[in-house]
Protein chains: 2
Amino acid sequence: MPRTRGRAPAGGRAEALSQEIVVGAAVALLDEFGERGFTFRLLAERLKTGSGALYWHVANKDELVALAADRVLGDALTAAPGPAAGAGAELRALAIAVFDALDRHQWAASHVTAPPTLANALRLLDRIGTLVTRTGLPADRRFAVATAIFYYVTGVSAQIIVPGPAGGAVPSRDAFLDQTAEHWERLDPAEHPFLTRVTGDLRDHDDRDQFIIGLDLLLTGLDVARDPRPPA
Amino acid sequence: MPRTRGRAPAGGRAEALSQEIVVGAAVALLDEFGERGFTFRLLAERLKTGSGALYWHVANKDELVALAADRVLGDALTAAPGPAAGAGAELRALAIAVFDALDRHQWAASHVTAPPTLANALRLLDRIGTLVTRTGLPADRRFAVATAIFYYVTGVSAQIIVPGPAGGAVPSRDAFLDQTAEHWERLDPAEHPFLTRVTGDLRDHDDRDQFIIGLDLLLTGLDVARDPRPPA
DNA sequence: ACCTGAACACCGTTCAAGT
DNA sequence: ACCTGAACACCGTTCAAGT
């Protein structure tokens with residue numbers, strides 16, 4: 001039972017404020033209004049408190065958003081499936097679980113920084129490193145490879161998951177892709193020989209599949225690094 | 001010769017404003033003061049104009065920063081070395097040139113979005129796609145692989161290159177790493193079996209090398225995808 | 001120890017007015 | 001067509017005062 005020292009909370013709030021409550025409310029508002037629409041005033045209102053009160057629980061807005069993003073990572077870790085057939089498969093499932101969690105909270109990906117210092121980012125890197133170890137990779141390469149996978153997951157997710165304008169409003173991803181594809185089609189084929197030929201792929205592609213394709217390239221590379229075969 | 005219609009520019013500015021001049025000044029100020037310290041007022045002052053004048057040349061601050069980031073990508077493209085021995089080697093050199101350019105302008109990486117719409121981002125993806133084509137990868141996989149490499153380069157760069165506080169002030173990356181390593185050392189080895197064993201690697205690692213290690217994993221994966229060998 | 005809410009310093013953007 | 005600069009609406013953060 002949480003001790004409630006000092007004055008009882010005002011308004012309708014049942015519990016005293018805590019960092020956990022503040023971060024939880026921040027996640028909800030970031031989901032709802034996006035990073036743009038998320039303000040301390042709004043958060044204070046939602047928590048029925050003064051905006052100054054928040055500074056008792058977090059140092060500033062940057063720290064709060066970082067903590068909110070770390071909580072999203074925590075969701076991914078608990079959502080990730082358990083032991084699978086082989087460390088490689090488990091690594092793949094973990095990475096996809098993180099992508100999916102970040103996709104559900106589009107503002108979050110760009111706030112996961114490296115090297116990790118927050119609790120769930122640390123857990124994630126540790127789990128990746130443990131799985132990399134289990135693939136049999138020599139000890140002197142484990143840190144670099146684990147970090148590379150961590151960077152891929154968070155960095156590429158942030159690149160793919162562009163935080164659409166508002167939370168609920170989806171201004172049609174298809175419309176955006178169509179518009180971009182038309183733009184590419186109007187380019188000069190002499191200057192853009194590749195792009196002018198792949199507009200069909202652009203229209204059809206799926207973001208999650210794209211993430212997985214790159215991930216599989218990376219994991220294949222890991223496989224080769226672990227067990228190099230002589231050139232044919 | 002640029003036509004200068006209307007009133008001659010005030011103050012000491014020799015030329016009329018243009019989007020090119022505005023973006024150039026924005027890059028300089030972003031380098032100097034970081035994204036935090038970069039304001040339209042400061043930019044207007046630097047250009048000896050009113051802050052409202054900037055809105056004649058760019059729609060808003062977001063667009064201006066995106067254009068500034070795209071210019072950094074342009075630098076990378078002109079800096080990238082020419083034809084190398086093999087498409088794979090050229091791909092690798094191009095990716096590293098982009099990383100280096102983004103490293104020189106730490107605010108830029110997180111503002112390169114996908115799918116690309118700005119001029120230099122389009123050039124970069126086209127160049128990557130052309131090189132991927134030259135490796136001999138079948139047509140139906142080129143788009144996905146080229147995009148994966150593009151995402152890796154921009155996304156992982158953004159993750160690795162954390163925009164230090166101010167522009168010139170370097171609050172010692174080593175100090176930060178030391179501090180993080182100490183943090184990891186204090187973790188419970190039962191909960192973090194991997195991290196507590198790699199603090200040495202953390203202290204010693206080089207960001208650019210890390211980028212390249214992941215890149216090489218990816219390119220190895222591409223190599224295998226292009227020319228799959230039967231399992232041993 | 002924790003909360004309140006007004007006050008401060010600042011910022012992006014707009015716009016009527018100029019040339 | 002392009003620039004000026006004041007004005008508007010808003011925001012993160014601080015802090016004296018409360019309990």
- Identify the residue among A:Val153, A:Leu77, A:Ile149 that makes a side chain to side chain contact (heavy atoms under 4.5 Å, CB included) with A:Leu94.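 Of all the options given, the one that passes is A:Leu77.
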
- Item | Helical stems, DNA chain C - three or more consecutive Watson-Crick or G-U wobble pairs below 3.5 Å |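 Correct response: C:4-8 with D:12-16, C:12-16 with D:4-8.
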
Whole angstrom is fine here: how far is it from [atom1] in [X] over to [atom2] in [N]?
{"X": "A:Leu54", "N": "C:dA1", "atom1": "CG", "atom2": "P", "value": "19 Å"}
{"X": "B:Glu45", "N": "D:dG5", "atom1": "CD", "atom2": "C1'", "value": "14 Å"}
{"X": "A:Leu42", "N": "D:dA9", "atom1": "CG", "atom2": "P", "value": "19 Å"}
{"X": "A:Gln19", "N": "C:dA1", "atom1": "CD", "atom2": "C1'", "value": "16 Å"}
{"X": "A:His57", "N": "C:dC2", "atom1": "NE2", "atom2": "P", "value": "7 Å"}

- Go along nucleotides 10-15 of chain C 5' to 3' and tag each nucleotide: B for a protein heavy atom under 4.0 Å from its base, S when only backbone or sugar atoms are that close, - otherwise. -BBBBB

- Task: First locate atom CG of B:Asn120, then atom CG of B:Leu73, and finally report the distance between them rounded to the nearest 0.5 Å.
- Result: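 Result: 6.0 Å between the selected atoms.
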
- Task: To the nearest 0.5 Å, tell me how far B:Ser51 OG sits from B:Leu42 CG.
- Result: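 Here the rounded value is 12.0 Å.
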
- Quick one: is B:Trp56 getting a side-chain N or O under 4.0 Å of the D:dC3 phosphate, OP1 or OP2?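 Result: no.
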
- Message: Test: ring-ring contact (aromatic ring centres under 6.0 Å, His included). Region: residues 99-122 of chain B. Which pairs qualify, not counting sequence neighbours?
- Response: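 Listed once each, the pairs are B:Phe99-B:Phe211.
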
- Contact list for residues 35-80 of chain A, test ring-ring contact (aromatic ring centres under 6.0 Å, His included), sequence neighbours left out: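 Residue pairs passing ring-ring contact (aromatic ring centres under 6.0 Å, His included), neighbours aside: A:Phe40-A:Tyr55.
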
- Query: Looking at residues at least two apart in the chain, or sitting in another chain, which of them share a side-chain contact (heavy atoms from CB on, under 4.5 Å) with A:Asp201?
  - Reply: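 For A:Asp201 the side-chain contact (heavy atoms from CB on, under 4.5 Å) partners, ignoring immediate neighbours, are A:Val198, B:Phe143.
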
- Look at atom CD of A:Glu20 and say whether more than 12 heavy atoms of other residues, nucleotides or ligands are closer to it than 6.0 Å.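 Open: at most 12 neighbouring heavy atoms sit under 6.0 Å from CD of A:Glu20.
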
- Sequence neighbours excluded, every pair satisfying salt bridge (Lys or Arg N to Asp or Glu O under 4.0 Å) that has a member inside residues 180-197 of chain B: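 Checked against salt bridge (Lys or Arg N to Asp or Glu O under 4.0 Å) - neighbours excluded - the pairs reaching residues 180-197 of chain B are B:Glu185-B:Arg203.
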
